[in-house]
Every structure is written in C-alpha cells, then in structure tokens.
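Remarks on the structure that follows.
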Amino acid sequence: MEDQQIAMLAGKALEARKLSYCPYSGFAVGAALLCRDGTVYTGCNIENSAFSATVCAERTAIFKAVSEGRRDFAALAVAGGKRDEESPTDYCMPCGVCRQVMAEFCSPAEFTVISVKSTGDYRSYKLGELLPGAFGAASMK
Ligand code: THU
C-alpha cells in the first residue's frame, strides 16, 4: 500500500474514534476498513452496561460493510487510546475476536492491518502474522 493511502485510512480511523461510545472503559477506538475498490467503511467501539454486549470498532466497521454486501477487503486501520487523549499514545492491536472475524473474509497473506498513532505514525502487519494457523471453513472439511 502507498503511504498516501495509509495516511488517508489512518485519518478516517482517527476520525471514527471521536464517535466512540465508551462510558465504561474510557478507551476510545476507531477503525477504517478499505475495500478493494477504494470504498471505506468506518466503525467505533460501542459499549454496553451489560459488558459482553460491547462491540469493538473493527467489528463495527466489518459488519457495516458485510451488511451492505461487501466482502472484498484490502486493509483495516485501527486507532485506540484513552478517550481524553487527542491521539493514541500507543499502537492499539485488534483483539482475538476481531482477528477471527477478519479471517472469515480476508486473505491472511494479503489483508493489511494498520495500527495507528497518527496519520504519519503507524505499524503495519499482514493478517496471517496476527492470527497464524487460524480456524476457518477449511478446518471443518
Ligand atoms: N476495543 C476495540 O474496539 N478494539 C480493539 O481492538 C481492542 C478493544 C474496545 C472494546 C472496549 O470497548 C474497549 O476497547 C476496552 O476494551
């Protein structure tokens, strides 16, 4: 991916983070999911007083996209940190459940996960590095 495209996606994740609903953890996360045709779907974490009903930013973005007929994903940027901080002070990594959801739709060798501190400060991984040996449809054959 080109630096310019990563910066665009990182900026959208940082914007989405501002919409986080996180009254319980105070940890605000935003995500931006890039489809292969350039379309972007964003998401934020949405918490619930019944904690297990909380959904992460990454899954919000993926479920929005899939529910609108998309399954052709190239990359996802995630930005997370304490709500009262303007920008994340650390690289937030997707949780295990979100990695598993990514593995349902995305190629381990091609799909890029970008953890963002700012538009110019990020770390990039392939999904296969984050979830090696993933359980998938092929595991049940
Ligand atoms: N969270 C995310 O949205 N994405 C992650 O990758 C890690 C965790 C959210 C869930 C919860 O609302 C808060 O961050 C603290 O766990």
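Counting convention: from 1, in listed order, for ligands and their atoms alike.
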[X]: heavy atom below 4.0 Å from ligand 1, yes or no?
X: M93; answer: yes
X: P94; answer: yes
X: C95; answer: yes
X: V78; answer: no

Which protein non-hydrogen atom lies closest to [atom], naming both residue and atom, and how far is it?
atom: atom 8 (C) of ligand 1; value: C56 SG, 4.1 Å
atom: atom 9 (C) of ligand 1; value: N45 ND2, 3.6 Å
atom: atom 3 (O) of ligand 1; value: A57 N, 2.9 Å
atom: atom 11 (C) of ligand 1; value: E47 OE2, 3.3 Å
atom: atom 6 (O) of ligand 1; value: E58 OE2, 2.5 Å

Go through ligand 1 atom by atom and flag the ones less than 4.0 Å from a non-hydrogen atom of [X].
X: S25; value: 13 (C), 15 (C)
X: T54; value: 12 (O)
X: V29; value: 1 (N), 2 (C), 3 (O), 4 (N), 9 (C), 14 (O)
X: F27; value: 14 (O)

Would a 4.5 Å heavy-atom cut-off, applied to side chains only, mark V29 and S20 as touching? no
Could you check whether any side-chain heavy atom of K117 comes within less than 4.5 Å of a side-chain heavy atom of S87, counting everything from C-beta outward? no
Who else is in I6's hydrophobic cluster (ILVMFWY, side-chain heavy atoms under 4.5 Å, direct or via others)? M1, M8, L9, L14, L34, V40, I114, V116, Y122
Counting only heavy atoms not in E86 (residues, nucleotides, ligands), do more than 12 fall under 6.0 Å from its CD? no
Count the heavy atoms of every other residue, nucleotide or ligand shown that sit under 6.0 Å from CZ of R71, and state whether that count exceeds 12. no
Side chains of T42 and E15, donor plus acceptor under 3.5 Å: no
Going by atom types alone, do T112 and K126 pair a side-chain donor with an acceptor below 3.5 Å? yes
Heavy-atom closest pair (A16 atom, C44 atom, distance to 0.1 Å) is O-CB, 3.5 Å
Partners of F51 by ring-ring contact (aromatic ring centres under 6.0 Å, His included), sequence neighbours excluded? Y24
